[in-house]
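These notes are about the structure you will find just below.
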There are 2 protein chains.
Amino acid sequence: MSTVADQQDIKREKILEAAYQQFLHYGYSKTTMNEIAGALSMSKALLYYYFPDKSQLYIAVTRKLANEYLNTLKDNLAKIKDLRDAIVFQIDTHHNFIVNNYNFFDFIRLNEQSLPDQIWEIVDEIRQSEMQLLGDVMIAEANRGKIRIVENPGEIVSLLLDALNGVRVAAMGHKKNIFPKKEYLDEIHQKRLILVDIFVRGLKN
Amino acid sequence: MSTVADQQDIKREKILEAAYQQFLHYGYSKTTMNEIAGALSMSKALLYYYFPDKSQLYIAVTRKLANEYLNTLKDNLAKIKDLRDAIVFQIDTHHNFIVNNYNFFDFIRLNEQSLPDQIWEIVDEIRQSEMQLLGDVMIAEANRGKIRIVENPGEIVSLLLDALNGVRVAAMGHKKNIFPKKEYLDEIHQKRLILVDIFVRGLKN
DNA sequence: TATTTGATAATTTTGTTAAAAAAGTCAGGA
DNA sequence: TCCTGACTTTTTTAACAAAATTATCAAATA
């Protein structure tokens, strides 16, 4: 039997889905609350009944996306023993996440300076989870004697993530577009694999 | 005895120096050709006698800075045998270069999209030289048997530079300012040292 | 009472234009 | 050849109205 709360949640979900599609297609500033309401055949005022304002709606969608991303990581990384394999899986997943939702993130890209803190809370949360998950694999590898034991696995993983991110940043270079073109994706991936190789090797002993 | 060409060069130098000070102090868009001329007690028209336009003047100053930077690297890296020491020297020098001239680079930062190609030529030239210099040290180390021999040293050095840059990018985080604050500089430096350690270790064998 | 809406208020963005500032030119002087 | 003052052209800024969009709310509905 469906309760009132259930119905509310379902409607909230529908709104989130429609909003996601619009944001993804047109970007944050180009999608209007009217259009989102229109896509759902409901009044704009109703959106404000479920969400306090546009930015909060955007943040709610972002939160949902982040959860989906993290669940993918959690579900799979637990099964992977080899450190290098784990890192490669993380790289692939993260990359797809960004590429598939590129347009959606224009809000974050274009308003970098003055963004609601909640966005950065989500970003930090993702980073934190990634560190935790990969850190666990690293510790397991250390315990199995495959790599040497480091005092602070989180710090090392963090360093690796920063380094990998640097490969992406560099690949975007000074080209017109801010985001790497399709043609560079493979190059980024290849370089990251080499970097991971050297890095993991540097942990052995 | 001083030739006409000498005199020209001296005046050009004076202009470059004055322009550098103004750009550094006020940034590109906020310094006017009038101010530069004023600082030199010469007419604005004379600036246009020595340089075709404002952006070319800026580029000329940039070129000069780049040469000074590269000379510092060349003069010192040749003397350093240890790969890790060489990389650390490069990191320090590069970092100082950016920090000391931060305001000067606002033109590049703020106009990222539509910049004269010459700027990127300089950037590429710097990167190319850095790769060459560090690549040489790496080859020497490989020949001495301290690290394993890699097929493409340039590629590996490039990868390292990208990774190190990623550490800086990450340190800037989502804080208000685009450039790392003084308080983060040490942190960046420490992380880079750790990364270099792991990276160089990953090349041994 | 919880949900929904049309009408309306408040705010932000966009477009227009005029004034000011700065870039860039040029005829002519030393 | 080097240099300048006066001039023209281009770019930036400010002000303000019009349009678009966000956000609110009293009233209707279920």
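To find a chain, count down the sequence lines: A is the first, B the second, and so on, and within it residues start at 1. Hydrogens, waters and symmetry mates play no part in the numbers below; they use all other heavy atoms, side chains included.
Between the side chains of Q132(A) and Q128(A), no donor N or O sits under 3.5 Å from an acceptor N or O. Looking at T32(B) and N34(B), their side chains never bring a donor and an acceptor atom within 3.5 Å of each other.
Looking at residues 46-64 of chain B, you'll see Y48(B), D53(B), K54(B) sit with a heavy atom under 4.0 Å from some atom of DNA chain C.
Both tests do not hold together for K14(B) against Y50(B): distance to the six-membered ring centre under 6.0 Å, angle to the ring axis within 45°.
Between R12(A) atom CZ and dT3(C) atom C1' the separation is 15 Å, expressed in whole Å. Look at CG on L40(A): it is 15 Å from C1' on dT5(C), rounded to the nearest Å. If you take CG of D9(A) and C1' of dA2(C), they are 15 Å apart, rounded to a whole angstrom. Straight-line distance from the CD1 atom of I10(A) to the C1' atom of dT3(C): 15 Å, rounded to whole Å. If you take CE of M33(B) and C1' of dT4(D), they are 15 Å apart, rounded to a whole angstrom.
If you check every strand for non-hydrogen atoms under 4.0 Å, S43(B) touches a base. Nucleic acid contact for K44(A): base, since at least one base atom lies under 4.0 Å from a heavy atom of the residue.
A salt bridge does not link E155(B) with K191(A): none of the charged nitrogens is closer than 4.0 Å to a carboxylate oxygen. Between E13(A) and K64(A), at least one side-chain N (NZ, or NE/NH1/NH2) sits under 4.0 Å from a carboxylate O, which counts as a salt bridge.
Nearest nucleotide to the T32(B) side chain, out of dA22(C), dT4(C), dT21(D): dA22(C).
Residues N34(A) and A45(A) each lie close to DNA chain D; by heavy-atom proximity, the contact nearer the 5' end of the strand is made by N34(A). Ranked by how close their nearest DNA chain D nucleotide is to the 5' end, K11(B) and K30(B) are led by K11(B).
Using modelled atom types, no side-chain atom of S158(A) and backbone atom of G154(A) make a donor-acceptor pair closer than 3.5 Å.
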